[in-house]
Amino acid sequence: MDHRAFLGDLPPQTKAELYQHQAGRGLRHLMGHLGLIVIFGFLGLSSWPGAWVALFALGVALVFLFTLEHETAHKTPFVTPWINDAVGCACGLVILLPFTWFRYFHLAHHRYTNDPERDPELLAGGAPKTWPAFVWHVSGVPYWSSMARTTLALALGKPPEAFVPLRAHGTVRREAQIMCLLYIAAALSLVWSPLVFVLWWGPVLAAQPVLRLYLLAEHSHCPPVADMFVNTRTVFTNPLVRFLAWNMPYHIEHHAAPQVPFYKLPKLHELAKSHLVTTAPSYHAFHRDFATRLSSKEL
């Protein structure tokens with residue numbers, strides 16, 4: 001049974017319950033995520049001997065705002081539309097990922113998941129195939145370089161890619177311009193205080209490899225077919241990772257029914273688990289298998 005047949009067989013009442021939003025659920029999760037950021041930031045600035053560990057943990061919490069931006073791109077975590085957009089823009093500023101541009105990039109990814117000729121994630125560069133490429137990818141340097149070029153080009157008025165509709169070009173340009181101005185202001189603040197680097201830029205640079213490793217598991221080495229039960233991978237993991245990733249380790253479930261809010265994905269998983277094809281018992285198991293596929297050839 002593919003994902004379309006599965007969804008078609010669900011009783012209407014079950015589908016209605018899955019798609020129904022619950023006021024406050026997303027906001028409570030957001031408060032928890034922001035609470036971790038505040039706690040780790042406070043510990044990182046303290047005289048505690050392990051302050052550097054707290055700053056790295058702060059970076060992990062910050063880079064995993066990607067998963068929240070991803071959810072706001074689907075307009076699912078918060079009942080109020082403007083909160084979705086405001087939170088998405090804020091997350092995009094933290095991790096150098098323009099929100100409206102990313103929304104259309106990601107919707108195209110959902111439309112053409114794992115299609116090597118149309119999925120923008122694959123067109124931007126698929127999974128690394130050699131150890132040197134893997135190290136380079138996981139370092140985060142290609143991500144930061146690509147998004148810096150993209151954001152600057154959009155701010156300067158370069159037309160975005162074809163997946164962004166013409167009606168959104170102005171919004172995309174203005175968002176990129178605002179982001180560039182805020183980054184300039186943040187850089188100038190370093191003249192008076194190192195806090196921007198200590199609590200933001202340093203931690204996200206150090207922790208970006210954690211996010212790169214996490215994201216590799218979503219679609220790497222999945223077959224290029226139209227069935228979401230096959231072309232996407234769900235990874236079974238612990239509650240802390242599911243919390244930080246806004247339940248996105250249930251990635252097959254999300255791709256099968258992207259309208260389902262993140263807090264309903266565990267229920268969708270229970271309904272669909274007997275039909276899931278591409279899964280991993282843990283991130284460690286996924287990367288152990290991934291490593292066996294890498295060659296030692298140079299880039």
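- Considering only heavy atoms from C-beta on, Leu65 comes within 4.5 Å of Ile37 through its side chain.
- Here the side chains of Val210 and Phe56 are in contact, with some heavy-atom distance below 4.5 Å.
- With a 4.5 Å cut-off on side-chain heavy atoms, Asp289 and Thr292 count as touching.
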Going through the distances and angles, do Asn247 and Leu265 end up as a side chain to side chain contact (heavy atoms under 4.5 Å, CB included)?
CA-CA 7 Å; Asn247 273 340; Leu265 290 179; 4.3 Å; yes
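- Looking only at side-chain heavy atoms (C-beta outward), Trp136 and Pro128 stay at 4.5 Å or farther from each other.
- Between the Asn84 side chain and the Phe78 main chain, a donor and an acceptor come within less than 3.5 Å of each other.
- Annotation: side chain of Phe134 is in contact with side chain of Leu216 (closest heavy-atom distance under 4.5 Å).
- His255 and His3 form no side-chain donor-acceptor contact under 3.5 Å, judged by distance and modelled atom types alone.
- Because its NZ or CZ atom is both nearer than 6.0 Å to the ring centre of Tyr143 and within 45° of the ring axis, Arg212 counts as a cation-pi partner of that residue.
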Set out, in order, the CA-CA distance, both residues' side-chain angles and the distance that settles side chain to side chain contact (heavy atoms under 4.5 Å, CB included) for Leu97 and Met147, then state yes or no.
CA-CA 7 Å; Leu97 188 60; Met147 291 318 306; 3.6 Å; yes
From CA spacing to verdict: side chain to side chain contact (heavy atoms under 4.5 Å, CB included), His33, Leu68
CA-CA 10 Å; His33 199 137; Leu68 173 53; 5.6 Å; no
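- Transitive grouping of hydrophobic side chains (ILVMFWY, heavy atoms separated by less than 4.5 Å) keeps Val164 and Leu152 in distinct clusters.
- Remark: His221 engages Phe290 in a ring pair (Phe, Tyr, Trp, His ring centres under 6.0 Å) (not counting sequence neighbours).
- Using a 4.5 Å heavy-atom threshold, the side chains of Tyr283 and Pro249 count as touching.
- The structure places CE of Met248 at 7.0 Å from OH of Tyr214, a figure rounded to the nearest 0.5 Å.
- Between the NE2 atom of His219 and the SG atom of Cys222 there is a distance of 7.0 Å, given to the nearest 0.5 Å.
- Across all their heavy atoms, Ala61 and Leu244 have their closest contact at CA-CD2, 4.2 Å.
- Remark: His21 engages no residue in a ring pair (Phe, Tyr, Trp, His ring centres under 6.0 Å) (not counting sequence neighbours).
- Under the 4.5 Å side-chain heavy-atom criterion for ILVMFWY residues, no single connected hydrophobic cluster contains both Met228 and Leu268.
- Note: Asp9 CG to His275 NE2 = 8.0 Å, rounded to the nearest 0.5 Å.
- At a cut-off of 3.5 Å, with distance as the only test, a side-chain donor of Ser145 or Arg149 sits close to an acceptor on the other residue.
- The shortest distance between side-chain heavy atoms of Pro120 and Glu161 does not fall below 4.5 Å.
- Note that the OG1 atom of Thr72 and the CH2 atom of Trp246 stand 9.0 Å from one another [nearest 0.5 Å].
- Under the 3.5 Å distance criterion, with hydrogens and angles disregarded, no donor-acceptor pair is assigned to the side chains of Thr232 and Glu218.
- Of the possible donor and acceptor atoms, none in the side chain of Ser146 sits under 3.5 Å from a partner among the backbone N and O of Pro142.
- Taking all atoms of both residues into account, the shortest heavy-atom contact from Ala186 to Ser189 is O-OG, 2.6 Å.
- Ion pair Glu17/Lys267 flagged as a salt bridge, since at least one NZ, NE, NH1 or NH2 atom sits closer than 4.0 Å to an Asp/Glu carboxylate oxygen.
- Put simply, Trp52 and Trp200 are part of two different groups of oily side chains (I, L, V, M, F, W, Y) that touch within less than 4.5 Å, one to the next.
- Within 6.0 Å of NZ on Lys75 lie no more than 12 heavy atoms contributed by other residues, nucleotides or ligands.
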Evaluate ring pair (Phe, Tyr, Trp, His ring centres under 6.0 Å) for Phe102 paired with Phe66, printing each intermediate quantity in order.
CA-CA 10 Å; Phe102 172 70; Phe66 167 82; 5.6 Å; yes
Please step through side chain to side chain contact (heavy atoms under 4.5 Å, CB included) for the pair Glu175 and Thr171, ending with a clear verdict.
CA-CA 6 Å; Glu175 284 184 2; Thr171 301; 3.7 Å; yes
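- Pro132 and Ser295 get closest at one heavy-atom pair: CD-O, 4.4 Å.
- Heavy-atom minimum distance, Arg103 versus Ala73: NE-O, 3.0 Å.
- Both Val63 and Leu34 are assigned to one and the same hydrophobic cluster, defined by single-linkage of ILVMFWY side chains at heavy-atom distances under 4.5 Å.
- Shown are Phe229, Tyr250, Phe6; of these, the ring-ring contact (aromatic ring centres under 6.0 Å, His included) with His269 is made only by Tyr250.
- Not a single donor-acceptor pair under 3.5 Å links the side chain of Thr80 to the backbone N or O of Ile83.
- Residues Phe243 and His29 bring their aromatic ring centres within 6.0 Å.
- A distance of 7.5 Å separates CG in Leu36 from CG in Leu240, rounded to the nearest 0.5 Å.
- Side-chain contact between Leu276 and Glu253 is present, with heavy atoms from C-beta onward closer than 4.5 Å.
- One distance of note links SG of Cys91 with CG of Leu62; it measures 10.0 Å at 0.5 Å rounding.
- Smallest separation of non-hydrogen atoms from Leu190 and Trp201: CD1-CZ3, 3.8 Å.
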Determine whether His254 and His110 satisfy the following criterion, side-chain hydrogen bond (donor to acceptor under 3.5 Å, both in side chains), listing intermediate values before the conclusion.
CA-CA 10 Å; His254 166 68; His110 268 263; 3.1 Å; yes
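- Between His70 and His74, the angle of the ring planes goes over 60°, which puts this pair in the perpendicular group of the 30/60° scheme.
- Cluster membership check: Phe99 does not share its hydrophobic cluster with Trp82, using side-chain heavy-atom separations under 4.5 Å among Ile, Leu, Val, Met, Phe, Trp and Tyr.
- Within the 3.5 Å criterion, the main-chain N or O of Ser282 finds no donor-acceptor partner in the side chain of Thr237.
- Annotation for Leu18 and Val260: closest pair O-CG1, 3.7 Å, computed over non-hydrogen atoms.
- Between the side chain of Lys15 and the backbone N or O of Leu7 there is at least one donor-acceptor pair closer than 3.5 Å.
- With hydrogens and angles ignored, the 3.5 Å screen pairs no side-chain donor or acceptor of Arg233 with any backbone N or O of His251.
- Proximity of a side-chain donor or acceptor of Gln177 to a complementary backbone N or O of Ala155 within less than 3.5 Å is detected.
- Shown here is Trp48, whose CH2 atom has more than 12 heavy atoms of other residues, nucleotides or ligands within 6.0 Å.
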